[in-house]
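Since the structure comes first, as structure tokens, the remarks are kept for the end.
Count residues from 1 along the sequence.
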Amino acid sequence: MTDATGDGSKSGPMLAADGRPLKKSLARALRMQKMRALMLIAPLLLFVLITFIAPIADMLFRSVENQIVSDTLPKTTAALADWDGEELPSDAAFEAAYYDIFLAAERKEHTRLGTRLNYEQTGASSLFRKSGRGLDDIGEVYQDQFEDLNGDWDEALPWAELMGDPDWLSEQQGWDEEGRQPGFELRDDIADLLPTASREYAIFAEFQQREENNNLLDEEPWSAVHTALYQDLVAGDMSGYSGPRAEMLQAADALVDSPDFETISFRDGFEEIDEDWLQPDIWRTIKLYSPDYTSGYFLNSIDMQLTPDGAEARPDNERIYMLLFQRTLFMSLVITFSCILLGYPVAYILSNLPMRSANLLMILVLLPFWTSLLVRTSAWKVMLQQQGVINDVLVWLGLVADDARLTMINNQFGTIVAMTHILLPFMILPMYSVMSTIPTSYVRASKSLGATNWTTFWRVYFPQSVPGIGAGSILVFILSIGYYITPEIVGGTTGTFISNRIAYHISSSLNWGLAAALGSILLAVVLILYWAYDKIVGIDNVKLG
């Protein structure tokens with residue numbers, strides 16, 4: 001190293017051997033060390049981010065995400081924005097629902113929307129499924145009459161000539177159905193003349209070209225497009241139109257103005273599909289869950305519900321989740337204390353035996369890890385049943401009458417017994433690791449000073465083993481609070497955990513939002529208990545050896 005002047009004076013920054021300022025050179029070396037350290041842990045960091053952090057973040061997002069309603073029914077949610085929720089919504093809402101559900105049915109999304117709303121209102125699923133099949137009846141009223149007037153109204157090319165830009169039509173006719181077909185473009189003046197029909201035809205064209213990859217010149221428009229055409233013909237005057245298919249359009253306009261033209265209102269059409277559409281409840285549900293994000297899942301998780309007047313408690317006969325949360329916490333605590341009571345003597349004996357004997361007995365502790373969890377749980381189901389081994393022994397000993405056998409399975413007792421057995425090694429191992437490090441000289445010194453065996457244990461040995469109890473308790477409690485296989489098999493109706501309900505919503509009811517909300521609450525409970533443990537006991541006192 002040299003100084004900056006090179007003449008040996010102490011003025012100016014110190015330089016490293018490569019001539020750079022020493023401070024910058026040291027900072028560069030430190031930065032390189034950090035980069036190498038980051039590269040070394042990068043695989044593990046990515047693994048944790050992808051397999052642990054990302055799923056939790058996704059769970060938290062799903063617990064409030066509710067975009068399916070607004071995405072599937074955009075016009076309907078907009079029409080219901082100013083609705084007071086008291087009487088039936090306006091005809092504009094029925095019209096918007098007709099076009100939204102029609103498109104959703106073509107995309108086969110109406111059943112998914114119905115399933116989502118069915119979580120909030122029973123019967124919504126069948127209502128949307130039935131509506132997806134029945135909306136064609138409304139449009140066919142107009143489609144059939146236009147087709148009777150002129151068969152071209154049910155053909156693809158006349159519609160394309162009426163609605164499409166001439167340049168687009170020319171490109172589309174020249175498309176050889178290989179490569180990307182030209183995107184549909186509306187004719188300049190058609191949107192002013194036929195605003196509703198041009199909107200619905202553009203939606204139809206986009207669906208056929210992008211989602212079905214069909215040639216638009218081969219596809220007959222949906223009946224919803226004919227319905228939209230009828231609305232435009234009623235509202236407008238086509239006598240001054242001189243563009244493509246002018247005669248056809250003007251004839252249709254005259255037909256619509258004739259007294260014999262059959263019509264049906266959107267409200268009556270929905271009533272013919274299902275009278276439930278004339279009940280305000282389904283519309284209130286749509287409006288309540290129209291925002292992209294909702295607190296409804298979390299409210300359901302705590303036995304509440306979202307109403308137009310705000311959050312309110314569910315009826316008594318519909319409350320289940322708070323009971324499950326309380327039961328889960330209670331049984332997890334009982335299992336944790338049971339493991340402490342059973343595991344402490346075992347860990348004490350193992351830590352005070354000669355190493356050779358301790359290793360031999362340790363095999364018995366580790367033996368459950370080498371047996372399938374399903375086998376161990378099934379074994380308890382066999383032993384605890386009323387005609388099982390334990391009841392037979394009690395009857396043989398005369399402790400229980402044969403006609404009064406104990407009910408020890410499919411209830412909380414069975415769950416506690418089976419899970420205590422399964423989780424007991426997770427309590428013994430941390431306690432054994434800590435107890436093995438307690439110097440025996442402390443015990444001998446205590447006894448040499450006149451302390452009894454109990455005083456020596458309680459005032460000298462036990463305080464040093466508390467970190468092992470803390471580590472085992474946290475491990476067992478957190479494992480038990482999320483267990484669902486064993487409670488599912490031996491818990492019956494009174495011994496199941498909240499985790500069983502989460503599994504049900506994920507795999508059976510497919511209510512992932514509610515499952516995510518329940519999981520988020522469970523995660524928050526664990527973090528709160530961990531924080532309380534740290535405040536009361538101190539996480540620094542938790543040791544694994």
Side-chain angles (χ1 to χ4, degrees), residues 300-303 314-343 367-427 475-511 514-515 518-519 521-522 525-526:
N300 286 337
S301 301
I302 56 175
D303 294 331
R314 284 187 173 278
D316 291 341
N317 59 351
E318 295 180 8
R319 300 178 186 178
I320 181 174
Y321 296 115
M322 291 304 295
L323 173 64
L324 286 174
F325 275 118
Q326 294 171 6
R327 181 193 298 168
T328 300
L329 293 176
F330 169 73
M331 293 178 68
S332 297
L333 288 174
V334 172
I335 291 167
T336 303
F337 283 117
S338 300
C339 288
I340 293 174
L341 293 177
L342 294 175
L367 191 60
F369 287 122
W370 304 334
T371 309
S372 167
L373 173 63
L374 191 61
V375 172
R376 280 180 281 162
T377 304
S378 301
W380 279 113
K381 194 172 183 66
V382 172
M383 288 193 295
L384 292 177
Q385 61 182 318
Q386 285 189 304
Q387 301 301 322
V389 177
I390 296 177
N391 261 313
D392 285 346
V393 172
L394 293 176
V395 171
W396 180 69
L397 292 174
L399 299 176
V400 175
D402 191 30
D403 57 350
R405 290 172 175 254
L406 302 178
T407 304
M408 298 183 290
I409 199 68
N410 297 328
N411 51 27
Q412 292 187 15
F413 179 81
T415 301
I416 292 172
V417 169
M419 288 188 62
T420 299
H421 167 250
I422 291 169
L423 296 176
L424 190 57
F426 295 97
M427 181 66 76
L475 198 59
V476 170
F477 181 78
I478 292 177
L479 284 175
S480 60
I481 208 171
Y483 243 68
Y484 77 94
I485 295 177
T486 302
E488 183 70 26
I489 296 176
V490 302
T493 56
T494 61
T496 54
F497 284 9
I498 189 66
S499 51
N500 296 106
R501 204 63 185 174
I502 294 174
Y504 165 77
H505 286 305
I506 291 176
S507 59
S508 299
S509 72
L510 303 181
N511 190 350
L514 181 56
L518 292 170
I521 293 175
L522 197 61
V525 169
V526 171

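Taken to the nearest 0.5 Å, the CG atom of Leu333 stands 8.0 Å off from the OG atom of Ser480. The CD1 atom of Ile502 sits 11.5 Å away from the OG atom of Ser507 when rounded to the nearest 0.5 Å. Atom CG of Leu373 sits about 5.0 Å away from atom CD1 of Ile422, to the nearest 0.5 Å. For the atom pair CD1 (Ile320) and CG (Asp303), the distance works out to 8.0 Å, reported to the nearest 0.5 Å. Rounding to the nearest 0.5 angstrom, the gap separating the CD1 atom in Ile340 from the CD1 atom in Ile335 is 12.5 Å. Atom OH of Tyr484 is separated from atom CD1 of Ile506 by 8.5 Å, given to the nearest 0.5 angstrom.
For Arg501 (side chain) and Tyr321 (main-chain N/O), no donor-acceptor pair under 3.5 Å exists by modelled atom type. In this structure a side-chain-to-backbone donor-acceptor pair under 3.5 Å is missing from Thr420 to Cys339.
A 6.0 Å sphere centred on CH2 of Trp370 holds more than 12 heavy atoms belonging to other residues, nucleotides or ligands.
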Open item on the list: Pair Asn511, Tyr504 - check side chain to side chain contact (heavy atoms under 4.5 Å, CB included), show working.
Closed with: CA-CA 9 Å; Asn511 190 350; Tyr504 165 77; over 6 Å; no
TODO: Decide side chain to side chain contact (heavy atoms under 4.5 Å, CB included) for Thr336 and Met427; before the verdict, give the C-alpha distance in whole Å, the side-chain angles of both, and the deciding distance to 0.1 Å.
DONE: CA-CA 8 Å; Thr336 303; Met427 181 66 76; 4.2 Å; yes
TODO: Let me see the working for Gln412 and Thr415 under side chain to side chain contact (heavy atoms under 4.5 Å, CB included), right down to the final yes or no.
DONE: CA-CA 5 Å; Gln412 292 187 15; Thr415 301; 5.6 Å; no
TODO: Would you check, one step at a time, whether the test side chain to side chain contact (heavy atoms under 4.5 Å, CB included) holds for Tyr483 with Thr328?
DONE: CA-CA 10 Å; Tyr483 243 68; Thr328 300; over 6 Å; no
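Annotation: side chain of His505 is not in contact with side chain of Leu510 (no heavy-atom distance under 4.5 Å). Counting heavy atoms from C-beta outward, Arg376 and Pro368 have side chains that approach closer than 4.5 Å. Contact annotation: the side chain of Pro487 approaches that of Met419 to within less than 4.5 Å [non-hydrogen atoms, C-beta and beyond].
Asp403 is linked by a salt bridge (charged side-chain N to carboxylate O under 4.0 Å, His left out) to nothing, counting only residues two or more places apart in sequence or in another chain. Residues passing the salt bridge (charged side-chain N to carboxylate O under 4.0 Å, His left out) test with Arg314 are Glu318, sequence neighbours excluded. Remark: Phe477 pairs with no residue by the ring pair (Phe, Tyr, Trp, His ring centres under 6.0 Å) rule, at least two apart or across chains. Looking at residues two or more places apart in sequence or on another chain, you find a side-chain hydrogen bond (donor to acceptor under 3.5 Å, both in side chains) between Asn500 and Glu488. Legend: residues meeting side-chain hydrogen bond (donor to acceptor under 3.5 Å, both in side chains) with Thr496, ordered by chain and number and at least two apart, are Arg327.
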Can you list, pair by pair, the side-chain donor-acceptor contacts under 3.5 Å of residues 380-393, counting residues two or more places apart and other chains?
{"unit_1": "Trp380", "atom_1": "NE1", "unit_2": "His421", "atom_2": "ND1", "d": "3.0"}
{"unit_1": "Lys381", "atom_1": "NZ", "unit_2": "Asn410", "atom_2": "OD1", "d": "3.2"}
{"unit_1": "Lys381", "atom_1": "NZ", "unit_2": "Ile489", "atom_2": "O", "d": "3.0"}
{"unit_1": "Gln385", "atom_1": "NE2", "unit_2": "Val382", "atom_2": "O", "d": "3.3"}
{"unit_1": "Gln386", "atom_1": "NE2", "unit_2": "Arg405", "atom_2": "O", "d": "3.3"}
{"unit_1": "Gln386", "atom_1": "NE2", "unit_2": "Thr407", "atom_2": "OG1", "d": "3.3"}
{"unit_1": "Asn391", "atom_1": "OD1", "unit_2": "Leu406", "atom_2": "N", "d": "3.0"}
{"unit_1": "Asn391", "atom_1": "ND2", "unit_2": "Gln385", "atom_2": "O", "d": "3.3"}
{"unit_1": "Asn391", "atom_1": "ND2", "unit_2": "Leu406", "atom_2": "O", "d": "2.9"}
{"unit_1": "Asp392", "atom_1": "OD1", "unit_2": "Arg405", "atom_2": "NH1", "d": "2.7"}
{"unit_1": "Asp392", "atom_1": "OD1", "unit_2": "Arg405", "atom_2": "NH2", "d": "3.0"}

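Residues Leu424 and Gly343 share a closest heavy-atom pair of CD1-N, 3.7 Å.
Between Ser301 and the options Leu522, Ile521, Ile498, a side chain to side chain contact (heavy atoms under 4.5 Å, CB included) holds for only Ile521.
Between Phe369 and Phe426, the angle of the ring planes goes over 60°, which puts this pair in the perpendicular group of the 30/60° scheme.
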